[in-house]
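Each chain gets a letter, A, B and so on, in the order its sequence line appears, and its residues count up from 1.
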Protein chains: 2
Amino acid sequence: MNETLYSAIKELKNLAGSKNIAYISSSELARKMGVSQQTASRIILELIKEKYIDRTIENRRQKIMIQEKALDLLYRELNELYSILKINQSFEMEGTVQNGLGEGKYYISKKGYMDQFKEKLKMEPFPGTLNIKINPEYENILRQVRGADGIIISGFKDRERTFGGVKCFNAHIDGIKCYLIFPERSVYTDIIEVISDKYLRQALSLKDGDIIKVNVDFEF
Amino acid sequence: MNETLYSAIKELKNLAGSKNIAYISSSELARKMGVSQQTASRIILELIKEKYIDRTIENRRQKIMIQEKALDLLYRELNELYSILKINQSFEMEGTVQNGLGEGKYYISKKGYMDQFKEKLKMEPFPGTLNIKINPEYENILRQVRGADGIIISGFKDRERTFGGVKCFNAHIDGIKCYLIFPERSVYTDIIEVISDKYLRQALSLKDGDIIKVNVDFEF
């Protein structure tokens, strides 16, 4: 990542606020960044090309729309600083218990995954996942968690097909130790999957539609 | 701040760990940063010149010592990301109640400060400060707080002398709203000063040597 682009993304996101929309001319960006207007125009074109921002002209003003890729970049930088500075963090998110489709059980039970869970998470997970739909107001925390380095469970092949890698994060729900698991390659979703050595639905007396809090713990 | 230096500082601090000492050759740094060895050597010289790091040669190895200025830089970047991403944070620190010298009362009572406290903090502080010596294990949190943007109380002159600016931070102790105040120009100290519209010693039944927790609240 080009560091000038990083600085520009910070400036633009700062102006854009939570709506992720900023109205700014290249000359204003140039002034804020302490570069020439030519350089600022070039930076904006580069950011568009790299899909960090999108741009339209509205009433003769340049409208910059911050894209998901730029937010990911900023949260990754934040996570990197946490890691470098050894800042432990616990993130709380709230969500609603979802009806599982039994898919989790199929995946968890695969030997290629199970052996790694035992080795890397030091536990034998209950064969199934608790699915939680995270409330929209925790979107940014979810983005930050997703962008962090987790415990990596590698992908593998069996006779039938290929299984992708999974990233796990230490977490707890109501004092019960568990892990968030994310497919390494996944499109954005607000549903998270949780595994534990306990049958969480039973241990926490949960039913579909219940609202619960999940705490994700980062220790460096 | 040159962004290449920032990247180099991150690499070096990451290697240095909590002892802030790293053994690394210029060629290793070059490889990690994806730059030429010449560039890496130049970066190291620049970091020494700017007092971000110090260097000695020990048993033919280059010993890099991370300096306070580099740590400040990293914590400032962290704070900037909190501000840009509107991440509210509360930092807890523990410390010991100190014997005050009555100095705080002298300063707080000055009209030049008092008028600004009323206007900017929306309260009339009790004329005196509660001094707390922060435990060493909270040193990094204190560093981060000190490096953040606070509520600025400007310096002023009266007939006798000049009074420096002060930076205030929202905080609370045992549920009582208060403010940490830092002289804008101060050498590093592990003693913090707290003001409140209440006489904190009385309100919290504190005596010298008591151990208490302070929470500093950042809202963006």
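Rounding to the nearest 0.5 angstrom, the gap separating the CD atom in A:Glu77 from the CG atom in B:Leu81 is 6.5 Å.
Contact annotation for A:Ile87: only side-chain heavy atoms (C-beta onward) come within less than 4.5 Å of a heavy atom of chain B. Within the 4.5 angstrom heavy-atom criterion, no atom of B:Leu15 approaches chain A.
When the shell of 6.0 Å around CD of B:Glu92 is examined, it contains more than 12 heavy atoms from other residues, nucleotides or ligands. Remark: A:Lys51 NZ is loosely packed, at most 12 non-hydrogen atoms of other residues, nucleotides or ligands lying under 6.0 Å away. Counting heavy atoms of neighbouring residues, nucleotides and ligands inside a 6.0 Å radius, atom CG of B:Asp149 does not exceed 12 of them. Atom CD of B:Gln38 sits in a sparse spot, with 12 or fewer heavy atoms from other residues, nucleotides or ligands closer than 6.0 Å. Around the CD atom of B:Glu137, the shell of radius 6.0 Å holds more than 12 heavy atoms that belong to other residues, nucleotides or ligands.
At a threshold of 4.5 Å between non-hydrogen side-chain atoms, the residues A:Glu3 and B:Ser7 count as touching. Put simply, the side chain of A:Lys13 reaches to within 4.5 Å of the side chain of B:Leu85, judged on heavy atoms.
Of all heavy-atom pairs between A:Ile84 and B:Lys10, the closest is CD1-CB, 3.6 Å.
The aromatic rings of B:Tyr82 and A:Tyr82 are tilted relative to each other, their planes meeting at an angle between 30° and 60°.
At a heavy-atom cut-off of under 4.5 Å, chain A is reached by no residue from residues 203-218 of chain B.
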